[in-house]
Visitor: 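I am attaching a structure below and will ask some questions about it afterwards.
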Amino acid sequence: MKIATWNINGVKARLDTTLAWLREATPDVACLQEIKSVDEGFPREAFEELGYHVETHGQKGFNGVAILSRTPVSEVLRGLPGDDSDEQARYIEARIEPPNETRDGDARPLRVGCLYLPNGNPLGTEKFPYKLAWMQRLIAHARARLADEERFLLLGDYNVIPQPIDARNPQNWVDDALFQPESRSAFRALLGLGFTEAVRSVNTDKDVYTFWDYQAGAWQKNNGIRIDHVLMSPEATDGFEGAGIDVHVRGWEKPSDHVPVWVRLAA
DNA sequence: ATGTCAGCCGGAGGCTGA
């Protein structure tokens, strides 16, 4: 099965683009970030017409995440545990039912965590400590999930450039929250819990990016960064069949500044 | 590292967040 993540930068502004990509890429599960919509305003019927079950965790104006799944989902979790006072809609998780053809077989549960990690800019404001605290909550939650020894994917817009190779011009990012040593260290700590990062496990090339700024001709110059990631638990990695980035989508009309990233797992 | 975009409020365009 194919599971994808995409920061669409607004579901209303990006509805046609998102639907076109779903028709082309036909993921079984799609995790969306920055829907920028409340749950009641999410155009769920448009996705249901394509055969998806829809779960959202939205808020007004900013942030917001959603999971689309061809099969039913259960055990939906909205919000990252660990801070009841956090009002930003940045995490949704669900258990994905196996496809029909394996439902009577030995398919193990698949759980998917869809995240929109705080950007953290500008440095020197409360935004950066919020990012780091959020990452610590994510690490705590991921540790608990890994202890369940299930197939588990943690995917989304991490707003972290893991390594210098993940930016066309790393020197441009040294004063940015996405490339701070603390951000990179927390991402490494998350990986170190036992995850495999899907794209780098199959592609160690340079110039592998998932985001190009709208400004300054970043796309035309391929001045990109790699900040959207798919992390796989050991049990998910056992069935890992491949990963990719739908770079061409950045060249479409009315693009998001991010592009989809996907993995394929044995059903 | 700015040649932009989305959404809010409110009814134009400035502000915020990215």
Side-chain angles (χ1 to χ4, degrees), chain A residues 5-21 31-44 46 56-66 80 86-91 114-135 138 155-184 187 207 209-229 247 249-261:
Chain A
T5 175
W6 189 13
N7 180 324
I8 58 173
N9 189 18
V11 71
K12 296 179 186 74
R14 211 72 58 215
L15 184 57
D16 290 345
T17 309
T18 306
L19 295 172
W21 170 75
C31 296
L32 306 180
Q33 299 89 37
E34 280 208 271
I35 63 174
K36 296 187 178 180
S37 167
V38 293
D39 295 336
E40 312 81 69
F42 191 87
R44 55 187 307 125
T56 62
H57 180 42
Q59 80 180 79
K60 190 168 171 179
F62 310 104
N63 306 324
V65 286
L80 186 63
D86 184 0
E87 308 210 318
Q88 300 193 29
R90 297 181 172 277
Y91 189 81
C114 168
L115 66 93
Y116 176 45
L117 206 143
N119 177 295
N121 283 305
L123 296 178
T125 69
E126 73 293 340
K127 290 171 187 291
F128 188 55
Y130 173 71
K131 175 184 191 135
L132 297 178
W134 204 94
M135 294 185 85
L138 182 64
L155 66 170
D157 177 359
Y158 278 78
N159 270 316
V160 174
I161 303 167
Q163 301 285 341
I165 193 178
D166 297 311
R168 179 61 172 265
N169 299 119
Q171 68 280 4
N172 287 351
W173 298 88
V174 294
D175 295 322
D176 193 288
L178 278 58
F179 197 53
Q180 287 310 291
E182 297 94 328
S183 309
R184 296 172 57 197
F187 185 75
D207 288 333
Y209 308 127
T210 66
F211 170 93
W212 298 258
D213 201 291
Y214 287 122
Q215 300 184 68
W219 166 244
Q220 288 74 14
K221 292 188 271 193
N222 199 19
N223 181 14
I225 53 175
R226 197 174 71 91
I227 56 175
D228 301 87
H229 308 298
V247 172
V249 171
R250 186 62 176 80
W252 286 0
E253 291 291 312
K254 269 188 75 82
S256 170
D257 40 7
H258 297 250
V259 295
V261 181

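In the text below, chain A, chain B and the rest are named by the order of the sequence lines, each starting its count at 1.
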Visitor: Between B:dT2 and B:dG7, how far apart are the P atoms? Round to whole Å, please.
Guide: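 The same atom, P, in both gives a distance of 26 Å.
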Visitor: Rounded to the nearest Å, what distance is computed from the CH2 atom of residue A:W212 to the C1' atom of nucleotide B:dG3?
Guide: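 Interatomic distance, CH2 of A:W212 to C1' of B:dG3: 19 Å.
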Visitor: Donor-acceptor check, side chain of A:T210 to backbone of A:R226, threshold 3.5 angstrom: yes or no?
Guide: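 No: the side chain of A:T210 does not pair with the backbone of A:R226.
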Visitor: Check the interface with nucleotides 4-9 of chain B: list each N/O to N/O pair with the protein under 3.5 Å, or write none.
Guide:
from	atom 1	to	atom 2	distance (Å)
B:dT4	O4'	A:Y214	O	3.3
B:dA6	OP1	A:R14	NH1	3.1
B:dA6	OP1	A:R14	NH2	3.4
B:dA6	OP1	A:K254	NZ	3.3
B:dC9	OP1	A:K60	NZ	3.2

Visitor: Test your reading of the model: is there a side-chain donor-acceptor pair from A:N159 to the backbone of A:L117, 3.5 Å cut-off?
Guide: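 Pair found, side chain donor or acceptor close to backbone of A:L117.
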Visitor: Sub-3.5 Å donor-acceptor pair from the side chain of A:R14 to the main-chain atoms of A:K254, do we have one?
Guide: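 Yes: the side chain of A:R14 pairs with the backbone of A:K254.
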Visitor: Determine the sole option in A:Q88, A:E34, A:H57 for which the side-chain contact (heavy atoms from CB on, under 4.5 Å) test with A:Y116 is passed.
Guide: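 Considering A:Q88, A:E34, A:H57, a side-chain contact (heavy atoms from CB on, under 4.5 Å) with A:Y116 is found only for A:E34.
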Visitor: Nearest whole angstrom, please: distance from the C1' of B:dT16 to the CD of A:E34.
Guide: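 Computing the A:E34:CD to B:dT16:C1' distance gives 12 Å.
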Visitor: Is there a side-chain contact between A:R168 and A:D207 in this structure, where contact means two heavy atoms from C-beta onward sitting under 4.5 Å apart?
Guide: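 A side-chain contact exists here, since the closest heavy-atom pair is under 4.5 Å.
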Visitor: With a 4.0 Å cutoff (strictly under), does any side-chain N or O of A:R90 reach OP1 or OP2 of B:dG17?
Guide: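 False: A:R90 side-chain N/O out of range (4.0 Å or more) of B:dG17 OP1/OP2.
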Visitor: Checking A:N121 side chain against A:A177 main chain: does a donor-acceptor pair fall under 3.5 Å?
Guide: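 Yes.
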Visitor: Using whole Å, what does the distance between atom C1' of nucleotide B:dT2 and atom CD of A:Q220 come to?
Guide: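 Computing the A:Q220:CD to B:dT2:C1' distance gives 13 Å.
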Visitor: With the threshold set at under 4.0 Å for non-hydrogen atoms, list the residues of residues 115-129 of chain A touching DNA chain B in residue-number order.
Guide: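 Nucleic-acid contacts, sorted: A:Y116, A:N119, A:K127.
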Visitor: Please report the distance, rounded to the nearest Å, between CG in A:N63 and P in B:dT16.
Guide: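 In whole Å, B:dT16 P and A:N63 CG are 16 Å from each other.
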Visitor: Can you classify the ring geometry of A:W212 versus A:W219 as parallel (below 30°), tilted (30 to 60°) or perpendicular (above 60°)?
Guide: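 A:W212 and A:W219: perpendicular rings.
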Visitor: How many Å lie between CG on A:N223 and P on B:dG3, as a whole number?
Guide: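 So the two atoms are 14 Å apart, to the nearest Å.
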Visitor: Under a 4.5 Å cut-off applied to non-hydrogen side-chain atoms, are A:F42 and A:D39 in contact?
Guide: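 SC-SC contact between A:F42 and A:D39 ruled out.
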Visitor: Quick one: does A:E182's side chain get under 4.5 Å of A:P129's, heavy atoms only?
Guide: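 Side-chain contact under 4.5 Å: no.
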Visitor: How long is the line joining CD of A:Q59 and C1' of B:dT16, in whole Å?
Guide: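 Those two atoms, CD and C1', are 13 Å apart.
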Visitor: If a pair means Watson-Crick or G-U wobble with both distances below 3.5 Å, what does DNA chain B look like in dot-bracket form, with | marking bases paired to a different strand?
Guide: ...((((((...))))))
Visitor: Distance-only, no hydrogens or angles: does the A:S256 side chain make a donor-acceptor pair with backbone N or O of A:N7 under 3.5 Å?
Guide: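 It does hold such a pair.
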Visitor: Return whichever of A:D257 or A:I225 has its heavy-atom-nearest nucleotide of DNA chain B closer to the 5' end.
Guide: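 Result of the comparison: A:I225.
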Visitor: Write down the distance separating the P atoms in B:dG10 and B:dC15, rounded off to the nearest Å.
Guide: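 So the two P atoms sit 14 Å from each other.
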Visitor: Is it the case that the side chain of A:R250 and the backbone of A:V259 share a donor-acceptor pair, with hydrogens and angles ignored and the cut-off at 3.5 Å?
Guide: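 Judged by distance alone, no pair lies under 3.5 Å.
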